[in-house]
Amino acid sequence: LDGVNDWAELPGTLFDGLHNVTIEAWVEWDGPATSSWQTLFAVSKDNSSYFSFSPRAGTSPRKSRFAVAQSGPEKKINGQDEFPVGTMAHLVSVLDVTNQQLRLYLNGQLQGTAVCPYSLESLGVQNFWLGRPLYAQFPYFKGRYLEFRVYDDAFSDDQVSRSTKF
């Protein structure tokens, strides 16, 4: 994707009936490392009910961010490591509704967890975008998706570790 106006749309109905969800991707981000809020994926009803991932947040600590919102404040994880530029990265974002938890992994390493009481059903998912931001003032994703997967399960640490070695 060129980071200007390229993006892909998948059916939001893909999430119908799912309870827990894991999104896994192998991507190469072109950056630049100073570019904030490029959106790798956004699953949303609108820009107030969503879950999304950005390789670099525009607010401190300016690392990657996995966030979920339901018409109010975000439940979010800011990554511990810089998202790599110009090299393949393995990303796993988990919405574990059963345990009310978000988990974010980068290259097999747990970046953080957060409490999240929201379900996919409560988000009212209608859109599933790859590379397109939720907000018009944010940039599109610039890079390549080598593989992108959606699972109807909340991956465990062991499952992420095995998948990273794939």
Side-chain angles (χ1 to χ4, degrees), residues 9-27 29 36-84 88-135 141 145-166:
E9 182 171 17
L10 300 169
T13 55
L14 181 70
F15 295 91
D16 288 357
L18 299 186
H19 183 68
N20 298 315
V21 68
T22 296
I23 293 184
E24 178 178 42
W26 286 265
V27 299
W29 183 41
S36 298
W37 298 125
Q38 289 187 35
T39 304
L40 184 71
F41 69 83
V43 177
S44 68
K45 174 182 175 186
D46 51 32
N47 64 7
S48 66
S49 292
Y50 58 85
F51 69 99
S52 68
F53 176 82
S54 294
R56 183 176 189 271
T59 56
S60 185
R62 299 196 189 283
K63 306 278 175 93
S64 59
R65 179 173 292 170
F66 175 41
V68 179
Q70 182 185 313
S71 300
E74 286 183 332
K75 307 301 181 191
K76 61 190 171 206
I77 300 169
N78 291 313
Q80 298 172 2
D81 300 324
E82 297 284 341
F83 200 89
M88 187 189 73
H90 178 240
L91 168 75
V92 177
S93 299
V94 179
L95 175 57
D96 184 345
V97 174
T98 302
N99 295 302
Q100 295 191 344
Q101 186 180 59
L102 301 177
R103 292 188 296 280
L104 174 63
Y105 301 83
L106 180 59
N107 294 326
Q109 299 299 308
L110 181 64
Q111 297 293 296
T113 63
V115 173
C116 182
Y118 309 142
S119 68
L120 283 170
E121 184 176 83
S122 70
L123 297 178
V125 173
Q126 296 174 6
N127 307 302
F128 182 14
W129 299 331
L130 302 180
R132 179 181 169 179
L134 289 165
Y135 301 95
F141 180 76
Y145 295 79
L146 298 137
E147 192 159 337
F148 194 91
R149 300 176 182 180
V150 177
Y151 298 93
D152 62 347
D153 188 19
F155 270 25
S156 67
D157 291 346
D158 287 341
Q159 287 172 296
V160 172
S161 179
R162 283 193 306 273
S163 191
T164 299
K165 297 173 187 172
F166 173 67

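Treat the numbers as computed from the prediction; the structure is a model and nothing was measured.
A side-chain N or O of N20 and one of T98 form a donor-acceptor pair less than 3.5 Å apart. Counting only N and O atoms by type, the side chains of D158 and S156 include no donor and acceptor under 3.5 Å apart. Side-chain N/O atoms of D81 and Q111 include a donor and acceptor closer than 3.5 Å.
Partners of N47 according to the side chain to side chain contact (heavy atoms under 4.5 Å, CB included) rule, which considers only residues two or more places apart in sequence or in another chain, are L134, Y135. By the side-chain hydrogen bond (donor to acceptor under 3.5 Å, both in side chains) test, D157 pairs with Y105, sequence neighbours left out. F155 is linked by a ring-ring contact (aromatic ring centres under 6.0 Å, His included) to Y151, counting only residues two or more places apart in sequence or in another chain. When the side-chain hydrogen bond (donor to acceptor under 3.5 Å, both in side chains) test is applied to D96, the partners found at least two apart in sequence or on another chain are N99, R103. A search for side-chain hydrogen bond (donor to acceptor under 3.5 Å, both in side chains) contacts involving S44 returns N127, not counting sequence neighbours. By the side chain to side chain contact (heavy atoms under 4.5 Å, CB included) test, D16 pairs with T13, sequence neighbours left out. Scanning for side-chain hydrogen bond (donor to acceptor under 3.5 Å, both in side chains) contacts around T113 gives an empty result, with sequence neighbours left out. Evaluation of the side chain to side chain contact (heavy atoms under 4.5 Å, CB included) rule for A89 yields F83, P84, L106, N107 as partners, not counting sequence neighbours. Here R149 pairs with E24, E147 under the salt bridge (charged side-chain N to carboxylate O under 4.0 Å, His left out) rule; sequence neighbours left out. Applying the side chain to side chain contact (heavy atoms under 4.5 Å, CB included) rule to K45 yields the partners S49, Q126; only residues at least two apart in sequence or on another chain are considered. For E74, the salt bridge (charged side-chain N to carboxylate O under 4.0 Å, His left out) partners are R65, not counting sequence neighbours.
Put simply, the side chain of L104 does not reach to within 4.5 Å of the side chain of V92, judged on heavy atoms. Annotation: side chain of Q159 is in contact with side chain of D153 (closest heavy-atom distance under 4.5 Å). Between P117 and K75, the closest side-chain pair of non-hydrogen atoms falls below 4.5 Å. V150 has its side chain within reach of L14: a pair of non-hydrogen atoms, C-beta onward, lies under 4.5 Å apart.
Note that the OG atom of S64 and the CG atom of L40 stand 10.5 Å from one another [nearest 0.5 Å]. Between S93 atom OG and I77 atom CD1 the span is 7.5 Å, to the nearest 0.5 Å. In this structure, OG in S161 is found 8.5 Å from CD in Q109, a value given to the nearest 0.5 Å. Taken to the nearest 0.5 Å, the CD atom of Q70 stands 11.0 Å off from the CG atom of L120.
Between Y145 and F148, the ring-plane angle classifies as perpendicular under the 30° and 60° cut-offs. F41 and F53 have parallel rings, their planes meeting at less than 30° on a 0 to 90° scale where 60° marks the start of perpendicular.
A salt bridge (charged side-chain N to carboxylate O under 4.0 Å, His left out) check over residues 117-134, counting only residues at least two apart or in different chains, returns nothing.
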Run L102 and V94 through side chain to side chain contact (heavy atoms under 4.5 Å, CB included) and show every step you take.
CA-CA 6 Å; L102 301 177; V94 179; over 6 Å; no
Between E82 and K63, does the side chain to side chain contact (heavy atoms under 4.5 Å, CB included) criterion hold? Intermediate values first, please.
CA-CA 6 Å; E82 297 284 341; K63 306 278 175 93; 3.2 Å; yes
Can you list the steps and then say if L146 with V27 is a side chain to side chain contact (heavy atoms under 4.5 Å, CB included)?
CA-CA 5 Å; L146 298 137; V27 299; 5.6 Å; no
Step by step, would you call S36 with R62 a side chain to side chain contact (heavy atoms under 4.5 Å, CB included)?
CA-CA 8 Å; S36 298; R62 299 196 189 283; 4.1 Å; yes
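Contact between L95 and C116 at its shortest, heavy atoms only, is CD1-SG, 4.1 Å. Smallest separation of non-hydrogen atoms from A57 and N78: CB-OD1, 4.5 Å. Counting all heavy atoms, side chain and backbone alike, W129 lies closest to P133 at CZ3-O, 3.7 Å.
Partner of L123 under the side-chain contact (heavy atoms from CB on, under 4.5 Å) criterion, out of F15, F51, Y50: F51 alone.
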